[in-house]
Amino acid sequence: PRYRAFAPRQIDEVEAIDYLGVRLGAYARIEVPVVLLGGDRSPAHLGERLDALARTLPRAERVVLRGQGHAAHTRAPDEIARVIATFADRVLR
């Protein structure tokens with residue numbers, strides 16, 4: 001029930017993404033360093049999408065958070081912050 005109010009916007013978001021289609025060719029031109037975060041308990045299709053992005057983005061780094069799923073931002077915010085801070089320290093030098 002607490003997520004019910006978000007459902008219409010989620011449906012709109014998915015429709016907008018579907019309308020754009022597969023844009024891996026456009027993403028291949030992104031030259032900035034990117035960290036792709038996923039959890040080993042996330043739905044498989046999300047990991048597959050991150051893997052496709054990791055293969056496409058020229059400067060991508062794929063990080064898998066052990067024991068985390070799609071809600072890692074609420075369950076392990078410190079771990080996410082650590083990954084991002086470490087990545088930023090390395091690429092912003």
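Throughout, numbering of the chain's residues begins at 1 and tracks the sequence.
Leu46 and Leu37 fall into different hydrophobic clusters, where Ile, Leu, Val, Met, Phe, Trp and Tyr residues are linked whenever their side-chain heavy atoms come under 4.5 Å apart, directly or through other members. Hydrophobic clustering keeps Ile17 apart from Ile11 (ILVMFWY residues linked when any side-chain heavy atoms are closer than 4.5 Å, directly or through intermediates). Val91 and Ile80 fall within a single hydrophobic cluster, where Ile, Leu, Val, Met, Phe, Trp and Tyr are joined by side-chain heavy atoms under 4.5 Å apart, directly or via other members. Hydrophobic cluster membership is shared by Leu92 and Val63, with clusters built from Ile, Leu, Val, Met, Phe, Trp and Tyr side chains linked at under 4.5 angstrom. Hydrophobic clustering of Ile, Leu, Val, Met, Phe, Trp and Tyr side chains at less than 4.5 Å, counting indirect connections, unites Tyr27 with Val22.
In this view, Arg75 satisfies the salt bridge (Lys or Arg N to Asp or Glu O under 4.0 Å) rule with no residue, not counting sequence neighbours. Residues satisfying the side-chain contact (heavy atoms from CB on, under 4.5 Å) criterion with Leu36, sequence neighbours excluded, are Val34, Leu50, Leu53, Ala54, Leu57, Ala60, Arg62. Under the rule for a salt bridge (Lys or Arg N to Asp or Glu O under 4.0 Å), the partners of Arg90 that lie at least two apart in sequence or sit in another chain are Glu61.
Here the CZ atom belonging to Arg82 is positioned 5.5 Å from the CD atom belonging to Glu79, to the nearest 0.5 angstrom. Here the CG atom belonging to Asp51 is positioned 10.5 Å from the OG1 atom belonging to Thr56, to the nearest 0.5 angstrom.
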Pair Asp12-Glu15, side-chain contact (heavy atoms from CB on, under 4.5 Å): steps then yes or no = CA-CA 5 Å; Asp12 291 342; Glu15 287 176 350; 4.2 Å; yes
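Counting only distance, with no hydrogens or angles, the side chain of Ser42 and the backbone of Gly38 share no donor-acceptor pair below 3.5 Å. When atom types are taken as modelled, the side chain of Thr86 and the backbone of Val83 share no donor-acceptor pair closer than 3.5 angstrom. The main-chain N or O of Arg66 is never found under 3.5 Å from a side-chain atom of Asp40 such that the two would form a donor-acceptor pair.
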